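Worksheet: the structure to be examined is printed underneath.
Every value quoted in this text rests on a predicted model; they were computed, and no experiment measured them.
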Amino acid sequence: MGDTYLEEGGADNLVLSMNEFREFLQFYPTNKRADYAQYKLGMTHFKQMRAAERDQSETRDAIKDFQTFLVRYPSSPLLPEAQARLREALDRIGRADFQVGLFYFRQKWYAGSIDRFSALLKTDPEYSSRGEVYFYLAESYVKIKREAQALPFYEKLVTEFPQHEHLQDAQKRIAELKATQASNEKKS
């Protein structure tokens with residue numbers, strides 16, 4: 001029944017699907033298909049995820065259900081799919097946080113952008129678009145004259161993302177910051 005509702009789509013059917021999978025897991029937690037039910041429960045939330053600019057409640061629920069899957073069913077054949085969906089959901093949350101940080105950066109509230117970007121890297125060090133985070137975090141540090149803290153993020157961007165759109169900008173900044181450091185050391 002849960003699969004039928006899930007495939008039908010629509011908010012009402014997804015809620016019905018969610019209830020079917022939860023009920024199955026509640027009554028048959030050791031069934032050989034429990035991994036499938038847990039995965040599909042995550043998918044009911046996954047299909048309701050909204051754009052990064054919108055409310056992320058369903059994304060958080062999808063993350064919770066996929067993480068439960070990973071803990072309870074580490075040898076399931078559905079593991080690669082669950083991991084891929086979990087990564088997509090985590091990236092959606094990360095994108096929402098990144099967009100807030102970018103908004104702060106564009107508003108020239110660099111303390112806010114630094115906090116948001118740093119928190120994103122701390123909570124999700126595997127965020128797929130962390131090259132952008134490195135770049136804008138480094139730029140935020142440069143804007144508030146904390147170049148020494150910016151340099152490692154530019155260097156991470158260059159080493160981890162050799163094809164990144166901000167690669168040349170980062171390389172240019174690295175050269176500028178190292179030249180400034182060298183001239184400051186000579187003056188001392």
Side-chain angles (χ1 to χ4, degrees), residues 1-107 109 111-137 140 160-161 164-165:
M1 289 299 292
D3 279 334
T4 302
Y5 289 130
L6 187 61
E7 292 305 315
E8 285 285 319
D12 292 342
N13 286 329
L14 289 173
V15 169
L16 291 170
S17 176
M18 188 184 320
N19 289 335
E20 291 292 331
F21 290 122
R22 277 194 186 130
E23 193 173 288
F24 181 86
L25 288 166
Q26 183 178 7
F27 290 119
Y28 308 104
T30 59
N31 186 286
K32 65 180 182 177
R33 302 279 292 159
D35 63 330
Y36 179 82
Q38 183 65 49
Y39 172 75
K40 289 296 188 166
L41 180 58
M43 287 304 296
T44 63
H45 295 292
F46 186 85
K47 287 190 175 223
Q48 295 179 75
M49 291 186 332
R50 302 179 95 186
E53 307 83 33
R54 309 286 305 272
D55 175 42
Q56 295 300 307
S57 299
E58 289 296 334
T59 309
R60 286 183 185 85
D61 289 341
I63 290 168
K64 185 181 79 166
D65 283 333
F66 287 130
Q67 288 173 333
T68 299
F69 177 93
L70 296 179
V71 170
R72 289 186 184 163
Y73 311 105
S75 59
S76 170
L78 295 169
L79 186 67
E81 290 176 50
Q83 289 172 323
R85 297 293 181 257
L86 175 60
R87 180 75 263 155
E88 286 180 60
L90 288 168
D91 281 348
R92 180 77 51 92
I93 292 283
R95 190 74 192 163
D97 288 340
F98 174 77
Q99 287 178 341
V100 173
L102 187 60
F103 173 78
Y104 292 156
F105 179 82
R106 290 177 177 156
Q107 295 299 311
W109 186 42
S113 66
I114 289 169
D115 286 345
R116 190 56 74 137
F117 294 141
S118 298
L120 173 55
L121 291 174
K122 186 176 182 179
T123 59
D124 188 4
E126 298 301 315
Y127 175 59
S128 298
S129 297
R130 67 186 177 282
E132 284 184 292
V133 179
Y134 292 155
F135 180 76
Y136 285 106
L137 180 55
S140 297
E160 291 180 31
F161 300 96
H164 198 272
E165 66 180 292

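Of all heavy-atom pairs between Ser17 and Gly2, the closest is OG-O, 2.8 Å. In terms of heavy atoms, Gln99 sits closest to Ala52 at OE1-CB, 3.7 Å. Between Ser140 and Phe105 the shortest heavy-atom distance is OG-CD1, 3.3 Å. Shown here for Tyr104 and Ser113, the closest heavy-atom pair between the two residues is CB-N, 3.6 Å. When all heavy atoms are compared, the tightest approach of Leu79 to Phe69 is CA-CE2, 3.8 Å. Across all non-hydrogen atoms, the minimal contact from Ala34 to Tyr28 is CB-O, 4.0 Å.
Put simply, CG on Asp97 and OG1 on Thr123 are 6.0 Å apart, with the number rounded to the nearest 0.5 Å. Here CD of Gln67 is found 11.0 Å from CD of Gln38. Values are rounded to the nearest 0.5 Å. Interatomic distance, CG of Asp65 versus CG of Leu70, reported as 11.0 Å (0.5 Å rounding). Atom-to-atom distance recorded for Asp115:CG and Leu137:CG is 10.0 Å, nearest 0.5 angstrom. Put simply, CE on Met18 and CG on Asp61 are 7.5 Å apart, with the number rounded to the nearest 0.5 Å. The distance from the CD atom of Glu20 to the OG1 atom of Thr4 is 9.0 Å, given to the nearest 0.5 Å.
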**OP:** Carefully, step by step, assess Met43 and Phe21 under the rule side chain to side chain contact (heavy atoms under 4.5 Å, CB included).
**Re:** CA-CA 10 Å; Met43 287 304 296; Phe21 290 122; over 6 Å; no

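Here Gln56 pairs with Thr59, Arg60, Arg92, Ile93, Ala96 under the side-chain contact (heavy atoms from CB on, under 4.5 Å) rule; sequence neighbours left out. Under the side-chain contact (heavy atoms from CB on, under 4.5 Å) criterion, Glu23 pairs with Phe27, sequence neighbours left out. Residues forming a side-chain contact (heavy atoms from CB on, under 4.5 Å) with Leu90 (at least two apart in sequence, or on another chain): Ile63, Leu86, Arg87, Asp124.
The cationic group of Arg33 lies under 6.0 Å from the six-membered ring centre of Tyr36 and within 45° of the ring axis, placing it in a cation-pi geometry. In this structure, Arg85 is not positioned above the aromatic face of Phe66 in the sense of NZ or CZ being under 6.0 Å from the six-membered ring centre and within 45° of the axis.
Panel note: side chain Gln48, backbone Thr44; a donor-acceptor pair is recorded below 3.5 Å. Distance alone, capped at 3.5 Å, is enough to place a donor-acceptor pair between the Arg130 side chain and the Tyr127 backbone.
No hydrogens or angles considered: a donor-acceptor pair under 3.5 Å links the side chains of Glu81 and Tyr39.
Aromatic ring pairs are classed by plane angle as parallel below 30°, tilted from 30° to 60° and perpendicular above 60°; the pair Phe161 and His164 is perpendicular.
Under the side-chain contact (heavy atoms from CB on, under 4.5 Å) test applied with Ser118, the options Leu120, Leu121, Ile114 reduce to a single match, Ile114.
Side-chain contact between Asn13 and Leu6 is absent, with no heavy-atom pair separated by less than 4.5 Å.
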